[in-house]
Amino acid sequence: MRITNAQVKNYAELVDITIEGERISTITPSALRPEEDRRADDYDAAGRLVSPQFAEAHIHLDYANTAGIPRENSSGTLFEAIEIWADRKTQGFHIKEDIKAKALQAARRAAEHGVGFIRTHVDVTDPTFAGFEAIAELRDEVREWCDIQIVAFPQNGIYAYEGGQKLISDAMSAGADVVGGIPHLEPTRDDGVESVKWLFDLAEKHSAPIDIHTDEIDDPHSRFVEVLAAEAAKRDMGAQTVVSHSVAMAYYSPGYLARLLPKLAASKVRFAVCPNENLHLQGLGFQGPVPRGVAPVKQLTEWGIPVSFCQDSLNDPFYPMGDGDLLRILDSGLHVSHMLTASHLKNALSFITTNPAGNLGLDNYDIAENSPANLLVLDASSEKEAVQRKASVLLSIHRGKKVLSREPEQVDWNI
Ligand code: FE2
């Protein structure tokens with residue numbers, strides 16, 4: 001197929017994008033196309049922005065649409081959510097077919113908002129493996145319209161949960177793609193440090209990337225991000241290492257942060273930040289000025305450290321909102337990070353396209369000749385406008401195949 005009259009980053013004029021098989025074969029100036037050259041499979045973007053498909057670098061599909069079961073999170077805190085989740089697993093609510101149906105609903109919502117690639121953390125601290133098996137099946141069944149990577153995520157810890165080490169090892173042997181972890185929930189600081197080293201060993205054993213829930217706690221003394229960066233640097237695994245959440249960084253003193261940031265940049269680790277959910281979860285119960293618990297995205301970005309903005313949860317015990325809509329997440333993330341300046345807005349979509357694609361280990365994610373054809377037509381003329389107006393996804397193409405399309409919104413004024 002061919003998308004005509006497209007606006008593409010780094011091209012001064014409108015272009016025609018021709019897709020053959022799974023790849024973009026040519027990008028040529030629209031002005032050079034003869035008037036009579038019309039094809040049945042042309043899609044006229046009419047000057048609109050064409051962007052890479054959105055990539056969701058951090059979500060929990062196995063938790064999706066479980067809010068209220070077995071009970072509501074009445075305090076709204078992260079720790080009550082973890083308790084509810086543990087009860088859910090032991091009280092017979094955690095059933096494979098149900099998890100799969102709810103996760104499919106969530107993945108479809110994300111796809112409708114332009115997402116074509118998902119990295120989902122899946123709780124493996126459950127001897128039945130119901131969640132893992134459900135999402136592994138889903139991964140195979142939706143491959144045509146969405147690529148899913150599974151992180152083997154020990155929600156209750158590898159030492160704090162009996163048999164945790166074996167469960168995560170088994171999940172990796174059974175086909176999980178990425179090693180997860182949660183050092184700040186292990187019994188002691190020393191256990192947390194030990195867990196990071198053990199998880200890196202596991203990742204090396206499976207030649208797998210690593211993506212750790214790091215310091216997701218309102219505690220300035222939670223400092224596992226430096227442990228992660230040091231371990232990644234030592235093993236030369238920074239590019240395969242993702243620091244997820246890292247909300248304690250929002251509480252670090254300027255002095256400590258100043259020492260930490262260059263070490264993070266040198267280690268080459270990447271970040272996955274979930275602003276909407278952490279704005280909801282963090283800082284609850286504080287008196288006086290309320291910290292908001294989102295990692296310092298602006299500083300990380302200024303140090304050249306790639307940051308992705310991610311959904312995290314979708315209608316589960318942790319977070320009652322969420323619709324898989326990364327433009328909404330991006331809007332909040334830019335606001336809370338004080339990044340509404342022209343230079344940041346110009347490249348705003350990188351937080352939900354090329355940066356998360358890097359977290360997922362995807363190469364050539366830009367719109368360019370010979371790149372895989374994973375792209376969107378957005379109802380906007382610039383990246384700034386796409387965020388400002390929360391642009392509709394008018395066309396979504398995954399690996400060269402049209403996944404979905406919708407008409408531009410039409411408003412009829414009655415006055
Ligand atoms: Fe998470």
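Being a predicted model, the structure only gives us computed values, none of them experimental. Counting begins at 1 with the first residue of the sequence.
A donor-acceptor contact shorter than 3.5 Å is absent between the side chain of Ser371 and the backbone of Ile367. Checking side-chain atoms of Asp42 against main-chain N and O of Arg39 turns up a donor-acceptor pair under 3.5 Å. Without hydrogens or angle criteria, Arg88 side chain to His94 main chain gives no donor-acceptor distance under 3.5 Å. Between the side chain of Ser392 and the backbone N or O of Leu394, no donor-acceptor pair lies under 3.5 Å. A distance-only check finds a donor-acceptor pair linking the side chain of Thr214 to the backbone of Ile212 [under 3.5 Å].
The CG atom of Asn355 lies 12.0 Å from the CG atom of Leu360; values are rounded to the nearest 0.5 Å. If you take CG on Leu78 and CD on Glu80, they are separated by 11.0 Å, rounding to the nearest 0.5 Å. Atom CD1 of Ile217 is separated from atom OG of Ser246 by 12.5 Å, given to the nearest 0.5 angstrom. One finds the CD1 atom of Ile135 at 5.5 Å from the CG atom of Leu138 (value rounded to the nearest 0.5 Å). With rounding to the nearest 0.5 Å, the separation of CD1 in Ile82 from CD1 in Ile182 is 5.5 Å. For the atom pair Cys310 SG and Phe351 CZ, the distance stands at 11.5 Å (nearest 0.5 Å).
Ion pairing between a basic and an acidic side chain is recognised when a charged N comes within 4.0 Å of a carboxylate O; Asp201 and Lys197 show no such pairing. With respect to Arg399 and Glu144, no salt bridge is recorded, no charged nitrogen being found less than 4.0 Å from a carboxylate O. Lys9 has a carboxylate O that lies under 4.0 Å from a charged side-chain N of Glu383, or vice versa, which qualifies the two as a salt bridge. Salt bridge Arg139/Asp147: absent, no basic N to carboxylate O contact under 4.0 Å. With salt bridges taken as basic N to acidic carboxylate O contacts below 4.0 Å, none links Arg406 and Asp379.
The side chain to side chain contact (heavy atoms under 4.5 Å, CB included) search around Tyr11 returns Val8, Val15, Ile27, not counting sequence neighbours. For Tyr43, there are no ring-ring contact (aromatic ring centres under 6.0 Å, His included) partners at least two apart in sequence or on another chain. Checked against salt bridge (Lys or Arg N to Asp or Glu O under 4.0 Å), Glu385 has the following partners two or more places apart in sequence or in another chain: Arg389. The salt bridge (Lys or Arg N to Asp or Glu O under 4.0 Å) search around Glu231 returns Lys234, Arg235, not counting sequence neighbours. Partners of Glu141 by salt bridge (Lys or Arg N to Asp or Glu O under 4.0 Å), not counting sequence neighbours, listed by chain and number: Lys100. Listed by chain and number, the residues in a salt bridge (Lys or Arg N to Asp or Glu O under 4.0 Å) with Arg270 amount to none (sequence neighbours excluded).
The side-chain hydrogen bond (donor to acceptor under 3.5 Å, both in side chains) pairs that include a residue from residues 334-344 are Asp331-His335, where partners are two or more places apart or lie in different chains. For residues 355-387, the pairs satisfying ring-ring contact (aromatic ring centres under 6.0 Å, His included) are Phe117-Tyr365, with sequence neighbours left out. Sorted by first and then second residue, the salt bridge (charged side-chain N to carboxylate O under 4.0 Å, His left out) pairs involving residues 346-368 (not counting sequence neighbours) form an empty list. Residue pairs meeting the ring-ring contact (aromatic ring centres under 6.0 Å, His included) criterion with at least one member in residues 157-207: none, sequence neighbours excluded.
Between Ala232 and Thr241, the shortest heavy-atom distance links the atoms CB-OG1, 3.6 Å.
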Review item, side-chain donor-acceptor pairs of residues 51-63, under 3.5 Å, at least two apart:
from, atom 1, to, atom 2, distance (Å)
Gln53, OE1, His398, ND1, 2.8
Gln53, NE2, Ser396, OG, 2.8
Gln53, NE2, Ile397, O, 3.4
Glu56, OE1, Gln311, N, 3.1
Glu56, OE2, His58, N, 3.0
Glu56, OE2, Gln311, N, 3.1
His58, ND1, His121, NE2, 3.3
His58, ND1, Ser244, OG, 2.8
His58, NE2, His60, NE2, 3.3
His58, NE2, His213, NE2, 3.3
His58, NE2, His245, NE2, 3.2
His58, NE2, Asp312, OD1, 3.0
His60, NE2, His213, NE2, 3.2
His60, NE2, Asp312, OD1, 3.1
Asp62, OD2, Asp123, N, 2.9
Tyr63, OH, Gln155, OE1, 2.6

Would you mind writing out the side-chain donor-acceptor pairs for residues 101-111 within the sub-3.5 Å range, not counting sequence neighbours?
from, atom 1, to, atom 2, distance (Å)
Lys102, NZ, Asp98, OD1, 2.7
Lys102, NZ, Asp98, OD2, 3.2
Gln105, OE1, Asn65, ND2, 3.1
Arg109, NE, Asp323, OD1, 2.8
Arg109, NH1, Glu112, OE1, 2.8
Arg109, NH2, Asp323, OD1, 3.4
Arg109, NH2, Asp323, OD2, 2.7

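Checking Thr4 against Asp16 by side-chain atom types alone, no donor-acceptor pair falls below 3.5 Å. Judged purely by distance below 3.5 Å, without hydrogens or angles, the side chains of Asn278 and Glu216 pair a donor atom with an acceptor atom. Looking only at atom types and distance, the side chain of Asn347 has no donor-acceptor partner in the side chain of Ser350 under 3.5 Å away. Asp316 and Thr66 share no side-chain donor-acceptor pair at under 3.5 Å.
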Walk me through it: do Asp218 and Tyr251 pass the test side-chain hydrogen bond (donor to acceptor under 3.5 Å, both in side chains)?
-> CA-CA 7 Å; Asp218 293 320; Tyr251 302 75; 2.3 Å; yes
Start with the C-alpha distance between Asn156 and Thr125, add both sets of side-chain angles, then the distance that settles side-chain hydrogen bond (donor to acceptor under 3.5 Å, both in side chains), and finish with yes or no.
-> CA-CA 6 Å; Asn156 298 102; Thr125 47; 3.2 Å; yes
Walk me through it: do Asp190 and Thr188 pass the test side-chain hydrogen bond (donor to acceptor under 3.5 Å, both in side chains)?
-> CA-CA 5 Å; Asp190 288 348; Thr188 67; 5.2 Å; no
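With Phe224 as the aromatic partner, Arg189 meets the cation-pi criteria of under 6.0 angstrom to the ring centre and within 45 degrees of the ring axis.
The only member of Asp87, Ile84, Ile99, Ile69 that meets side-chain contact (heavy atoms from CB on, under 4.5 Å) when paired with Phe93 is Ile69.
In this pair, Phe129 and Phe132 present their aromatic rings tilted. The plane angle is within the 30 to 60° band.
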